[in-house]
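Right, one structure below, let's go through it.
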Amino acid sequence: MTKEFDLAALLAERGAERYELHARHLNHQLPRMLHTIGFDKVYERAEGAHFWDADGNDYLDMLAGFAVMGLGRHHPVVRKALHDVLDASLADLTRFDCPPLPGLLAERLLSYSPHLDRVFFGNSGTEAVETALKFARYATGRPRILYCTHAFHGLTTGSLSVNGEDGFRKGFAPLLPDTAIPLGDLDALARELRRSDVAALVVEPIQGKGVHEAPPGYLRAAQDLLHRHKALLIADEVQTGLGRTGKFYAFQHEDGVEPDLVCVAKALSGGYVPVGATLGKDWIFQRVYSSMDRVQVHSASFGSNAQAMAAGLAVLSVMENEQIVANAAAVGERLRSRLTELVDRYELLADVRGRGLMIGIEFGRPKSLKLRSRWTMLQTARKGLFAQMVVVPLLQRHRILTQVSGDHLEVIKLIPPLIIDTADADRFVDAFTEVMDDAHNGGGLMWDFGKTLVKQAVAHR
């Protein structure tokens, strides 16, 4: 007799095997990495901006699932919307009707960027970028896309072609005919546009890798240059959108910027159902879907599914009713200002930057001989080890989850749920201060861990 499926029983029976299952059947390097840096925790439950382990210890989440959990975990309004849509037993994904939820979500999304007219729904940020690349090339009739050095736009083949990190691109060539230019370099943009084969520039208003913001005036000037040469501006707001930077979209921090295509995902999901969206101007969609013969020329099997659309509608409702964008701006300003005050206090701390609740903390070469020799030891082995030395005690001693902003970078990126409050912000600053005190006072455990990282880095060269 077939045993009835019982999820709770399965987790109770096999949940303890989580790391072994991953090592055996999935990416075997993930558990290896987590064991190495001491991140192999077992979290039992989560709510809002916090996790709890089996012993009831509380952890503060300053990572938000790489910015997916904009509203934190298990927001009751999003949960109720998903229960409601499942209970409704809708005739979903028939592919030969026009259900209301996609239209309603598109209408709500477009209200935050009135210069845009239409939306394509996919399933992820990388799909949103892929859509923008295809639409830009078709609408302009040109093959080449420009992107910025150090950019991250996804890991599928098209989005990888506009990825500014060589470590992700290595071994996957040939890619699309695209060209990198420095973020903020208008001369480089103009030089490439003179070749008359550029379809678009795709840009993150604030780069996730290193948390680097486009210089003031750059996006507007780039937009004007692109339009003068009949090319498009694509804003990748997959991470920066939906309130992350204290505006609904990060490009809105600069007056007059109206991208031709905008990519969103991550927080739109409510942390439950994968979703991505590409917003664009009507004329672009009119060219792509130019006749009934082309009605399916670009589509996604699970795009516009009812669960994802319900989650997105619930997320936007919560953002308005609970003033999420204003909270991100206010708490982010408090967090950034308190951290900035520490730059003069610690010689290992070089810079604090960002907007809203997207903050980069950069470390740099100290002046004192003792600290400089230790810093040099780490840099010689592998750049980025000091930032990892800070991330580990934040988790191990203070139960705060953070991340290094990118490979070979001495930058920690803070992208917490947008619902964190001032108490959460102060908790992070207090913990970070203790870790930095330990580093500057020659804390044995921290620098001993650094030596361990050095040995591992050398061994894996």
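Worth saying up front: this structure is predicted, and the values here are computed from it rather than measured. These numbers come from the heavy atoms of this one structure, side chains and all, not from hydrogens, waters or symmetry mates.
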Legend entry - Between H50 and Y59, ring centroids under 6.0 Å: no

Inset, instruction - Answer whether the closest heavy-atom distance between the side chains of F251 and L233 falls below 4.5 Å. - result: no

Inset, instruction - Verify whether one side chain among D430 and T433 offers a donor that lies under 3.5 Å from an acceptor in the other. - result: no

Legend entry - Aromatic ring pairing F120/H298, orientation class (parallel under 30°, perpendicular over 60°, tilted between): tilted

Inset, instruction - Can you measure from CD1 (I206) to NE2 (H253) and round to the nearest 0.5 angstrom? - result: 6.0 Å

Inset, instruction - Look at the aromatic rings of F285 and F135 and report parallel, tilted or perpendicular, splitting at 30° and 60°. - result: perpendicular

Legend entry - Ionic contact status for D407 with R382, cut-off 4.0 Å: yes

Legend entry - Close side-chain approach of N305 to V273, heavy-atom, < 4.5 Å: yes

Legend entry - SB check R108 E320 (cutoff 4.0 Å): yes

Legend entry - Modelled atom types, side-chain donor and acceptor of H35 and D40, under 3.5 Å: yes

Inset, instruction - Quick one: pull up CD in Q252 and CG in L219 and give me the separation to the nearest 0.5 Å. - result: 12.0 Å

Inset, instruction - For residues F432 and L349, determine if any side-chain heavy atom of one lies less than 4.5 Å from a side-chain heavy atom of the other. - result: yes

Legend entry - Presence of salt bridge, K281 and D260, under 4.0 angstrom: yes

Legend entry - Minimum side-chain heavy-atom gap D426-R334 below 4.5 Å: yes

Legend entry - Between T340 and S337, a side-chain donor and acceptor under 3.5 Å: no

Inset, instruction - Check E213, E237, H153 against E204 for a side-chain contact (heavy atoms from CB on, under 4.5 Å) and give me the one that passes. - result: H153

Legend entry - E44, CD: over 12 other non-hydrogen atoms inside 6.0 angstrom: yes

Inset, instruction - Check whether any side-chain heavy atom of T149 sits under 4.5 Å from a side-chain heavy atom of I181, and report yes or no. - result: no

Legend entry - Straight-line distance of C148 SG to Y218 OH, nearest 0.5 Å: 4.5 Å

Inset, instruction - Let me know which of V78, V315, V68 forms a side-chain contact (heavy atoms from CB on, under 4.5 Å) with S269. - result: V68

Inset, instruction - Would you mind reporting whether Q403 and I415 have side-chain heavy atoms less than 4.5 Å apart? - result: yes

Inset, instruction - Say whether T245 and T240, considering side chains only, have a donor N or O and an acceptor N or O under 3.5 Å apart. - result: no

Legend entry - Interatomic spacing from CD1 in I145 to CG in L176 - rounded to 0.5 Å: 8.0 Å

Inset, instruction - Determine yes or no for a side-chain-to-main-chain donor-acceptor pair under 3.5 angstrom, with N321 supplying the side chain and V318 the backbone. - result: no

Legend entry - K209 with E165: basic N within carboxylate O range, under 4.0 Å: yes

Inset, instruction - Evaluate the side-chain proximity of H75 to E322: yes if any heavy-atom separation is below 4.5 Å, no if none is. - result: yes

Inset, instruction - Could you label the plane-to-plane angle of the F51 and Y43 rings as parallel, tilted or perpendicular, counting under 30° as parallel and over 60° as perpendicular? - result: tilted

Inset, instruction - Rounded to the nearest 0.5 Å, what's the gap from NE2 on H150 to OG on S405? Could you check? - result: 11.0 Å

Legend entry - V129 side chain near D236 side chain, heavy-atom distance below 4.5 Å: yes

Inset, instruction - Give, for atom CD1 of I419 and atom CG of N327, the distance between the pair rounded to the nearest 0.5 Å. - result: 8.5 Å

Legend entry - R338 charged N/C atom sitting above F428 aromatic ring, 6.0 Å / 45°: no

